[in-house]
Amino acid sequence: MAEPLLAVDDLDVTFRVPDAFGRQTRTVHALRGVSLHVDRAEVLGVVGESGSGKSTLARAVVGLNDPGRGTIRVDGRPLERKRGAAAHAGLQMVFQDHASTLNPFQSVGRSLDEVMRQARPNLGRSERAVVAARLMERIGLGADALERRPSGFSGGQRQRISIARALGAEPRLLICDEPTSALDVSVQAQILALLEELRAGGLSLLFISHNLAVVRQVSDRIAVMYAGRIVETGPAADLIRVPAHPYTAALVAAAPVLVERGSLVARTRALRSGDGGSASPDGCAFAGRCPYVRPDCARMPPLAEVAPGRLARCHVPFAATPAAESPAVP
Ligand SMILES: Nc1ncnc2c1ncn2[C@@H]1O[C@H](COP(=O)(O)OP(=O)(O)OP(=O)(O)O)[C@@H](O)[C@H]1O
Ligand code: SF4
Ligand SMILES: [Mg+2]
């Protein structure tokens with residue numbers, strides 16, 4: 001079987017956080033045993049609430065966060081942990097905050113040229129200029145945009161320029177971390193349309209957002225994160241129509257646009273109030289909020305197959321789904 005384009009296996013990332021007196025005392029487990037893959041020409045959406053570890057995952061994949069454990073492979077080959085290795089392997093990242101990508105003192109053209117010079121050294125200056133002009137057309141801006149600085153553009157245009165800059169490197173996988181979160185809804189739609197176009201052209205994406213409706217729009221498969229772990233993965237349409245994990249069900253229920261489109265989470269109960277902490281340190285991290293919690297949830301559920309092509313980390317998968325609609329649970 002062909003190796004996936006990106007394979008992340010058992011990734012752990014921890015941070016040491018100083019206490020109020022500046023001492024390094026507390027350890028934050030941002031990622032715990034995260035495994036996932038992205039195939040060629042596939043869009044994997046990653047969704048989860050704030051602090052669930054989405055950005056840490058993206059940053060670890062491109063080498064900006066150091067994993068304490070685990071492996072990252074591209075085409076089956078381990079990604080080296082050195083500067084530039086991710087770009088060399090064909091990975092590019094688009095951040096929520098385009099200010100961190102675009103140098104305000106540099107023209108857009110110069111910014112694009114820089115990334116192309118590094119990633120595609122066999123292109124000559126005039127060839128790079130042609131590619132840059134084409135990229136500007138592709139994102140709906142004229143070639144004259146190359147002469148201007150980022151401050152001359154709106155937030156949505158700057159985000160499109162960030163995407164064009166990443167595309168200048170001819171990436172095999174584009175990692176987008178909340179690319180639309182800082183934008184107005186109408187501008188979000190333009191960015192999503194651009195990403196859908198890229199997807200139709202065969203580009204692979206790892207698309208991260210806290211907004212399930214947005215993730216649904218662009219993704220073939222979805223991975224749901226909670227407290228640093230993957231709690232569910234599956235084909236986007238199936239996962240939203242019949243969620244297996246109570247947390248996914250709660251996310252679906254909270255997205256009216258998805259419920260209206262025929263999701264079957266009719267039995268989703270209200271989440272219990274709580275801080276999301278686990279009832280037991282070794283148990284399910286969602287237990288503090290889960291309406292279906294039971295005694296064996298004090299034991300950590302494995303991420304196990306619950307239906308063909310679907311994994312969930314729950315002792316009671318499909319609890320929130322009407323029984324008649326639930327896939328057969330082995
Ligand atoms: N550089 C860092 N130093 C210390 N803690 C960090 C650092 N980066 C992330 N964390 C912590 O790791 C956890 C996961 O954070 P992360 O930013 O990955 O979450 P997220 O899912 O991207 O959230 P959001 O939706 O708010 O962007 C959080 O508890 C966060 O406070
Ligand atoms: S394992 Fe238990 S607490 Fe965790 S999501 Fe499933 S039912 Fe809820
Ligand atoms: Mg984030």
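In each ligand, atom 1 is the first atom listed, and ligand 1 is the first ligand listed. We're numbering straight along the sequence, starting at 1. Note that the structure is predicted; figures quoted are calculated from it, not measured.
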- Item | Ion pair Asp296/Arg294, N-O distance below 4.0 Å | yes

- Item | Stepwise side chain to side chain contact (heavy atoms under 4.5 Å, CB included) check, Met225 with Val34 | CA-CA 9 Å; Met225 290 192 72; Val34 168; 4.2 Å; yes

- Run the numbers for me: atoms of ligand 2, each under 4.0 Å from some heavy atom of Pro246, listed by number. 5 (S)

- Among all protein heavy atoms, pick out the one at the shortest distance from atom 30 (C) of ligand 1; state its residue, atom name and that distance to 0.1 Å. Val28 CG1, 4.8 Å

- Examine Phe286 and Val316 and state if one hydrophobic cluster contains both, with Ile, Leu, Val, Met, Phe, Trp and Tyr joined whenever side-chain heavy atoms are less than 4.5 Å apart. no

- side chain to side chain contact (heavy atoms under 4.5 Å, CB included) partner of Val43, the single match among Leu206, Val215, Leu174, Leu205: Leu205

- Message: Using a 3.5 Å cut-off on N or O atoms only, is His210 in polar contact with ligand 1?
- Response: no

- Message: Within the 4.0 Å heavy-atom shell around Val316, which atoms of ligand 2 are there?
- Response: 7 (S)

- Using a strict cut-off of less than 4.0 Å between a Lys/Arg side-chain nitrogen and an Asp/Glu carboxylate oxygen, indicate whether Asp113 and Arg128 qualify as a salt bridge. yes

- Any atoms of ligand 1 less than 4.0 Å from a non-hydrogen atom of Ser52? List them with their elements. 19 (O), 21 (O)

- Item | Identity and distance of the protein heavy atom lying nearest atom 27 (O) of ligand 1 | Ser55 OG, 3.9 Å

- Side chain or backbone of His245 under 4.0 Å from ligand 2, or both, or neither, by non-hydrogen atoms? side chain

- Got Glu114 and Arg165 here, is their nearest side-chain heavy-atom distance under 4.5 Å? yes

- Task: Please confirm if an N, O or S atom belonging to His315, backbone or side chain, lies less than 2.8 Å from atom 4 (Fe) of ligand 2.
- Result: no

- Query: Is a salt bridge present between Arg59 and Asp177, judged by a nitrogen-to-oxygen distance below 4.0 Å?
  - Reply: no

- Query: Between Glu49 and His210, does any side-chain donor sit less than 3.5 Å from a side-chain acceptor?
  - Reply: no

- Query: So which protein heavy atom does atom 6 (C) of ligand 1 come closest to, and at what separation?
  - Reply: Phe15 CD1, 3.3 Å

- Query: Between Val17 and ligand 1, does any nitrogen or oxygen pair lie at a separation below 3.5 Å?
  - Reply: no

- Under 4.0 Å to a heavy atom of Glu49 - the qualifying atoms of ligand 1, by number: 21 (O)

- Using a strict 4.0 Å threshold on nitrogen-to-oxygen distance, state whether Glu170 and Arg120 make a salt bridge. yes

- Message: Less than 4.0 angstrom from a charged side-chain N to a carboxylate O is my criterion; do Asp39 and Arg221 meet it?
- Response: no

- Message: With side chain to side chain contact (heavy atoms under 4.5 Å, CB included) as the criterion, how do Val131 and Leu123 come out once you've worked through the C-alpha distance, each side chain's angles and the decisive distance to 0.1 Å?
- Response: CA-CA 10 Å; Val131 174; Leu123 288 188; 4.2 Å; yes

- Where is the nearest protein heavy atom to atom 12 (O) of ligand 1: which residue, which atom, and how far? Ala30 CB, 3.4 Å

- Message: Is a donor from one side chain sitting under 3.5 angstrom from an acceptor on the other, for Arg149 and Ser107?
- Response: no

- Query: Looking at atom 4 (Fe) of ligand 2, what's its closest protein heavy atom, distance included?
  - Reply: Cys284 SG, 2.3 Å

- Sub-4.0 Å protein heavy atom near atom 23 (O) of ligand 1: yes

- Item | Selected option - heavy-atom contact closest to atom 7 (S) of ligand 2, from Tyr292, Tyr247, Tyr226, Phe286 | Tyr292

- Query: Which atom pair, heavy atoms only, marks the closest approach of Met136 to Ala164?
  - Reply: CE-CB, 4.0 Å

- Message: If we count only non-hydrogen protein atoms and require a distance under 4.0 Å, does atom 2 (C) of ligand 1 qualify as touching the protein?
- Response: yes

- Which of the atoms of ligand 2 are close to Pro301, meaning less than 4.0 Å from one of its heavy atoms? 1 (S)

- Note on the structure: Nearest non-hydrogen protein atom to atom 6 (Fe) of ligand 2, with distance, is Cys314 SG, 2.3 Å

- Task: Just need the protein heavy atom nearest to atom 8 (Fe) of ligand 2, so name the residue and atom and give the distance.
- Result: Cys290 SG, 2.3 Å

- Message: When you measure from the centre of the six-membered ring of Tyr247, is the NZ or CZ of Arg289 closer than 6.0 Å and no more than 45° off the axis?
- Response: no

- Note on the structure: Looking only at protein heavy atoms, what sits closest to atom 16 (P) of ligand 1 is Thr56 OG1, 3.6 Å

- Among protein heavy atoms, which lies nearest atom 2 (Fe) of ligand 2, and at what distance? Cys297 SG, 2.2 Å

- What residue and atom, counting heavy atoms only, is the protein's closest point to atom 21 (O) of ligand 1, and at what distance? Lys54 NZ, 2.8 Å

- Query: Which is closest to atom 14 (C) of ligand 1 in terms of heavy atoms, Ala60, Pro18, Gly51, Gly48?
  - Reply: Gly51

- How far is atom 26 (O) of ligand 1 from its nearest protein heavy atom, and which residue and atom is that? Ser50 OG, 2.5 Å

